[in-house]
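Following: one structure in structure tokens, then a few remarks.
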2 protein chains.
Amino acid sequence: MGFRNCDDDVVDRPSVTTIHDVAREAHVGESTVSRVLRGQGAVSEKARDRVLSAVRKLGYVPNRIAGTLASSGSRLVALVIPSITNIVFSDVLAAAAPTLTALGQQAVFAVTDYDLDAEERLIESMLAWRPSGIIVAGVEHTPRSIAMLRGSGVRIAEILDAESSGIDIVVGFSNTAAGRESARFLLSRGKRRIGYVGHDLTRDLRAGKRHKGFCQALADGDQRVVDAEIVPALSSIELGRDSLARLLERTPDLDAVYFANDDLAIGGLFHCMANGIAVPDRLALMGYNGLDVGRLAPRPLSTVRTPRRRIGELAATLVCSQQPSQVCDVGFELIEGATV
Amino acid sequence: MGFRNCDDDVVDRPSVTTIHDVAREAHVGESTVSRVLRGQGAVSEKARDRVLSAVRKLGYVPNRIAGTLASSGSRLVALVIPSITNIVFSDVLAAAAPTLTALGQQAVFAVTDYDLDAEERLIESMLAWRPSGIIVAGVEHTPRSIAMLRGSGVRIAEILDAESSGIDIVVGFSNTAAGRESARFLLSRGKRRIGYVGHDLTRDLRAGKRHKGFCQALADGDQRVVDAEIVPALSSIELGRDSLARLLERTPDLDAVYFANDDLAIGGLFHCMANGIAVPDRLALMGYNGLDVGRLAPRPLSTVRTPRRRIGELAATLVCSQQPSQVCDVGFELIEGATV
DNA sequence: CTGAAAGCGCTAACAA
DNA sequence: TTGTTAGCGCTTTCAG
């Protein structure tokens, strides 16, 4: 039980400074303090000064928890993403965070590890903070996730995938189309013995869509993936290097390999460089993401560049706006590079 | 003004479901609902079932804002870091986040962009959420930051630097020592014409300390940095590549270059590979961080590996613990690699 | 085992 | 321009 409001002069009260203490120190009412601190409502010069110096003197830091409860507006935007080490998501975060800050919001995030059930739990726990918006990766979610999101009344942005309409705002591009373009590019360069290196497609749904688009486009050209090395692990440079080694051991006559992303492709490129495999003459390599490391490699990686920062910015902006629900396809760009 | 507690049967009340609604639906008191939801206090099987099905039926999501205000325990841990795209920090985050989740805490973060004044503002805004702990990069902060942190009463962990004692918990290693070891390693391999490539040392304070340690150790061996290329920009592969190019143009007879970090060093390595500069015979390269991309490059990068994930885990654990204030030096490891 | 009631610290009418 | 007051939705005594 708190004695605060019963007796202001109780001696043993080691609690944190509140607006009440500031008001007493400044000899004004609590609401005046509140007005000064929020810069709203008319307050006399005098009162303002007294409040400000009381704040400084007491080292008062407003309690946003209480403020939010009273005003119902948390100024918190939640980001629910599959991974944080994957540069795709850290780029999105890196762009979204300052945008949100500029809009007076604070970013909170949670990592699902590519698990839709974990995502469901995290969405629920984020919603418990009554955020003003939620940004979540992809458009695939559990039915309960969708129901919670729909029922929450907060703005939702689904990002990095824009093939279908979503719950509210969708910002991304077509992964299927990205896969398709990559296949067409390889075919246009005369590649016919094409392999694939990927990680867990049932978890990384967007990589799965690229794979699908890739296979479709090959089929349209009367071709197919000759051999594939798919390891259900987190994608990494190491995985790409080892996977390509295994793939080539099994099927040495491939003339091109499509990787699920640039991390894997860079690993593949390193394998080739370390083993004297001529790229692209003997073997062509194609990645996806358009990472710096690929662009700047001694032999620039052929890949598809995605506007990740733009997506982060746009999602952050829209989620804080009054814009109608919409799907924003920001597209992607095929980078020819020098490995195909 | 809310009518909720005046009249439960008002028609036009489109507000979110509260514990009050659940209590009514389940025909129990609000406190019973609270007990069931928090799994605390004795509740009869019957009441529990009724509450649970009411929760499900109404799609109730508890309001943590209110819960926190009432119980004074936000279960929020704030992370204040300089950058999110820098793998060092995303690794720390990636390790800290699940550790915090396991401890029943939620991670919130803010990015300072290596600016101590921005850090001060962000610390204040984080403190306003009354987190149970704060994890912040480095031990250098503005006086006001330190005062706020000290006065907040929450646990503080300062990470990635363990040369001095800090406010509360410190988890890291000596950057000066890391720089020193790197210099000794180059000297031990007979390098004498040593150059340096770095980014903004006044902002990246830890890079500055490594540079200092490096120079000291060279001086101890009667050597010095022959030429340096320091560009006050964000470190990147591109910057490393371009900087090395400029450095070599100016001082072609260098036999080794120390880079402020692996991103820069990888850029340097790419420059050498693309321009036929023999590494390490003609030019030795030394980085810092121990990134995957360096370890897996065709020629593994010589570098210093730092236990970033361990730091993230440890800081998260300690900040949630009752352990006494302490400095944890988790050390680092020199990786010989093949570029020196 | 259960419910009523008193706050948590702040904001937002409203009255002065 | 200012202070008073009634909540925001939940937790936590305290009686029953």
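So that the names make sense, note that chain A is the first sequence line, chain B the second, and so on, each numbered from 1.
- In terms of position on DNA chain C, the residue among B:R130 and B:V43 whose nearest nucleotide sits closer to the 5' end is B:V43.
- As a whole-Å value, the separation of B:E30 CD from D:dT11 P is 10 Å.
- Closest approach to the A:I19 side chain among D:dT11, C:dT11, C:dA12 is made by C:dT11 (side chain taken as heavy atoms from C-beta onward).
- Using a distance-only test at 3.5 Å, with no hydrogens or angles considered, a donor-acceptor pair links the side chain of B:D21 to the main chain of B:T18.
- The distance from atom CZ of A:R24 to atom P of C:dC10 is 14 Å, rounded to the nearest whole Å.
- Looking at heavy-atom distances under 4.0 Å, B:S31 makes contact with a base.
- For D:dG3, its base sits under 3.5 Å from the side chain of A:R35 at one donor and acceptor pair at least.
- For C:dT11, one of the phosphate oxygens OP1 or OP2 lies less than 4.0 angstrom from a side-chain nitrogen or oxygen of A:R38.
- Judged by distance alone, the side chains of A:E120 and A:H141 never bring a donor and an acceptor atom under 3.5 Å apart.
- OP1 or OP2 of C:dG9 has not a single side-chain nitrogen or oxygen of A:Y60 nearer than 4.0 Å.
- Comparing atom distances between the A:S71 side chain and each of C:dT11, D:dT12, D:dT2 picks out C:dT11 as nearest.
- When rounded to the nearest whole Å, the span between NE2 of B:H27 and C1' of C:dA4 equals 19 Å.
- Using a 4.0 Å cut-off between a side-chain N of Lys or Arg and a carboxylate O of Asp or Glu, A:R206 and A:D161 do not qualify as a salt bridge.
- Rounded to whole Å, the distance from CD on B:Q40 to P on C:dC1 is 15 Å.
- Here the P atom of nucleotide D:dG7 and the CG atom of B:N63 are 18 Å apart, to the nearest Å.
- Here the side chain of B:R155 pairs a donor or acceptor atom with the backbone of B:S321 at under 3.5 angstrom.
- Mapped onto DNA chain C by nearest heavy atom, A:A70 and B:A47 fall at different nucleotides, with B:A47 at the one closer to the 5' end.
- Between the side chain of B:Q106 and the backbone N or O of A:F109, at least one donor-acceptor pair lies under 3.5 Å.
- Rounded to 10 degrees, the angle separating the terminal axes of the helix from C:dC1-D:dG16 to C:dA16-D:dT1 is 40°, with each axis obtained from five end pairs.
- Rounded to whole Å, the distance from CG on A:L69 to P on C:dG9 is 12 Å.
- The closest donor-acceptor contact from the side chain of A:T99 to the backbone of A:T317 lies at 3.5 Å or more, if one exists at all.
- In this structure, B:R64 reaches neither bases nor backbone, as no heavy-atom distance under 4.0 Å exists between it and the strands shown.
- Atom P of nucleotide D:dC10 and atom CD1 of B:I65 are separated by 11 Å, given to the nearest angstrom.
- Of the candidates D:dG9, D:dT2, C:dT11, D:dT2 carries the atom nearest the A:T32 side chain, counting heavy atoms from C-beta on.
- Taking every side-chain heavy atom of A:S44 into account, D:dT2 is the closest of D:dC10, C:dG9, D:dT2.
- Between B:V139 and B:E158, the closest heavy-atom pair is CA-OE2, 3.3 Å.
- For B:A66, the listed nucleotide lying nearest its side chain is D:dG9; candidates were D:dG3, C:dC10, D:dG9.
- In terms of phosphate contacts, A:S34 brings no side-chain nitrogen or oxygen within less than 4.0 Å of OP1 or OP2 of C:dA12.
- Among the heavy atoms of the strands, none lies under 4.0 Å from A:A23.
- Counting only distance, with no hydrogens or angles, the side chain of B:R50 and the backbone of B:H27 share a donor-acceptor pair below 3.5 Å.
- In this structure, the NE2 atom of A:H20 is 13 Å from the C1' atom of C:dC10, given to the nearest Å.
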